[in-house]
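Chain identifiers are assigned alphabetically (A, B, ...) following the order of the sequence lines, protein sequences preceding nucleic acid strands; residue numbering begins at 1 within each chain.
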Protein chains: 2
Amino acid sequence: MTPQTAPAARALEHPERTAIRLEGVLHALSDPMRLHVVRTLAAAETELACSDVELPVSKSTTTHHFRVLREAGVIEQNYRGTSKMSGLRREDLDALFPNLLDSVLAAAEGQCERIHPGATAAR
Amino acid sequence: MTPQTAPAARALEHPERTAIRLEGVLHALSDPMRLHVVRTLAAAETELACSDVELPVSKSTTTHHFRVLREAGVIEQNYRGTSKMSGLRREDLDALFPNLLDSVLAAAEGQCERIHPGATAAR
DNA sequence: GCCGTATTACGATGGCTATCGTAGAAGGCG
DNA sequence: CGCCTTCTACGATAGCCATCGTAATACGGC
């Protein structure tokens with residue numbers, strides 16, 4: 001067995017809560033692909049693997065978007081086996097910017113509805 | 001006399017309410033200069049001339065930022081004499097993205113307080 | 001130990017964009 | 001009419017960034 005309590009795996013850099021900047025978060029959310037990722041993560045209330053979020057771009061580009069989101073402090077990621085699980089940093093975001101995430105998610109949903117009325121899923 | 005009731009001056013292009021896209025708004029707000037402009041406009045509840053908002057950049061760059069905000073649908077602008085007055089499109093934004101603008105403004109304020117505690121004015 | 005799956009690193013590329021300075025247009029004022 | 005203030009247009013430049021393909025790495029299972 002592994003000597004440590006947690007396997008730890010490779011560590012990924014995450015900004016501390018106090019280092020998260022509003023401009024960075026807004027910029028991260030201003031890309032359609034990344035907004036889609038965030039909406040998907042918000043809908044699935046558990047962590048998801050990168051490959052669970054389907055994007056119409058190459059794998060490398062998907063990785064890039066996940067990294068931007070992580071470095072902006074929007075999501076947290078850690079390795080679990082061969083997958084990398086991602087989840088929203090809801091607590092941190094809500095503490096720093098109350099209501100912001102929910103407003104953005106609601107706005108995204110509303111805009112989707114306006115464009116494709118009756119669509120159930122995202123984008 | 002001019003045939004129309006309003007002098008109209010030069011006209012400026014504004015996106016219709018239905019053409020305003022969330023991603024564009026988020027992107028417009030993700031620049032520190034533009035965020036500062038928006039905060040200033042929100043604080044002063046009247047319209048302001050471009051030159052009333054002091055930015056640490058050149059005049060041309062300021063003009064550029066105002067245009068980005070206008071084209072994203074965040075502000076509206078019209079000429080009045082030698083000045084160009086700008087104001088937030090609060091009604092449109094609140095209708096499309098309820099609560100979003102207020103969340104962003106509150107988040108910006110909170111972040112400012114966190115960084116420069118006790119500062120009264122913006123940024 | 002070998003293989004397949006999942007993700008990353010690297011390098012390249014094209015496009016967007018924040019910034020500047022200078023020159024010019026629009027309008028008020030003496 | 002000339003001047004000043006305000007804003008805009010036009011290049012130009014440098015930096016960032018979304019995207020890709022290929023090669024490499026990490027891990028679990030056989």
Side-chain angles (χ1 to χ4, degrees), chain A residues 1-2 4 6-14 21 23-38 41 47-72 74-87 123, chain B residues 2 6-14 21 23-38 41 47-72 74-87 123:
Chain A
M1 92 182 248
T2 40
Q4 299 311 84
R10 291 155 286 173
L12 284 166
E13 286 214 6
H14 290 79
R21 304 283 270 109
E23 298 90 323
V25 172
L26 292 177
H27 176 243
L29 296 177
S30 72
D31 182 280
M33 299 298 160
R34 293 194 287 260
L35 187 54
H36 183 219
V37 169
V38 170
L41 289 178
E47 297 194 320
L48 292 180
C50 289
S51 47
D52 290 337
V53 183
E54 287 193 21
L55 293 183
V57 294
S58 75
K59 286 285 178 104
S60 352
T61 305
T62 301
T63 298
H64 161 72
H65 286 309
F66 272 91
R67 183 173 30 174
V68 172
L69 285 169
R70 188 186 73 235
E71 291 177 346
V74 178
I75 66 174
E76 76 188 331
Q77 304 186 284
N78 47 22
Y79 292 98
R80 183 146 344 142
T82 160
S83 293
K84 184 159 73 170
M85 308 307 287
S86 302
R123 208 210 153 126
Chain B
T2 39
R10 291 156 286 174
L12 285 166
E13 285 215 6
H14 291 80
R21 302 284 269 110
E23 298 91 323
V25 172
L26 292 177
H27 176 244
L29 295 178
S30 72
D31 181 280
M33 300 297 160
R34 294 194 288 259
L35 186 54
H36 183 218
V37 169
V38 170
L41 288 178
E47 297 194 322
L48 292 181
C50 289
S51 47
D52 291 337
V53 184
E54 287 193 20
L55 292 183
V57 293
S58 76
K59 286 284 178 102
S60 351
T61 306
T62 301
T63 299
H64 161 72
H65 285 308
F66 272 90
R67 182 171 31 172
V68 172
L69 285 169
R70 188 186 73 235
E71 290 178 347
V74 179
I75 66 174
E76 76 188 331
Q77 303 186 285
N78 47 23
Y79 291 98
R80 182 142 350 138
T82 160
S83 295
K84 184 160 74 171
M85 308 306 287
S86 302
R123 213 225 146 117

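Residues Q77(B) and C50(B) come closest through the heavy atom pair NE2-SG, 4.0 Å. Heavy-atom minimum distance, L29(B) versus L26(A): O-CD1, 3.6 Å.
Between the CZ atom of R67(A) and the C1' atom of dC10(C) there is a distance of 11 Å, given to the nearest Å. Rounded to a whole Å, the CG atom of L55(A) is 15 Å from the C1' atom of dA6(C). One can place CG of N78(A) at 12 Å from P of dT7(C), the figure rounded to the nearest angstrom. Distance Y79(A) OH to dG28(D) C1': 16 Å, rounded to the nearest Å. If you measure from atom CZ of R80(A) to atom C1' of dA26(D), you get 16 Å, rounded to the nearest angstrom. If you measure from atom CG of L48(A) to atom C1' of dA6(C), you get 15 Å, rounded to the nearest angstrom. D52(B) places its CG atom 13 Å from the C1' atom of dC7(D), with the value rounded to the nearest Å. Atom-to-atom, CD of E71(B) to P of dA18(C) comes out at 12 Å; the value is rounded to the nearest Å.
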Each nucleotide of nucleotides 11-23 of chain D classed B (base within 4.0 Å of a protein heavy atom), S (only sugar-phosphate) or -, in 5' to 3' order, makes ------SSBBBB-
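Heavy atoms of T63(A) sit under 4.0 angstrom from at least one base atom.
T62(B) places a side-chain N or O within 3.5 Å of a backbone atom of S58(B) that can act as its donor or acceptor partner.
Considering only side-chain N and O atoms, T82(A) lies nowhere under 4.0 angstrom from the phosphate OP1 or OP2 of dG4(C).
For residues 54-71 of chain B, no residue pair satisfies the salt bridge (Lys or Arg N to Asp or Glu O under 4.0 Å) rule, not counting sequence neighbours.
Partners of H65(A) under the side-chain contact (heavy atoms from CB on, under 4.5 Å) rule, at least two apart in sequence or in another chain, are D31(A), M33(A), R34(A), T61(A). Considering only residues two or more places apart in sequence or on other chains, E47(B) meets the salt bridge (charged side-chain N to carboxylate O under 4.0 Å, His left out) condition with R80(B).
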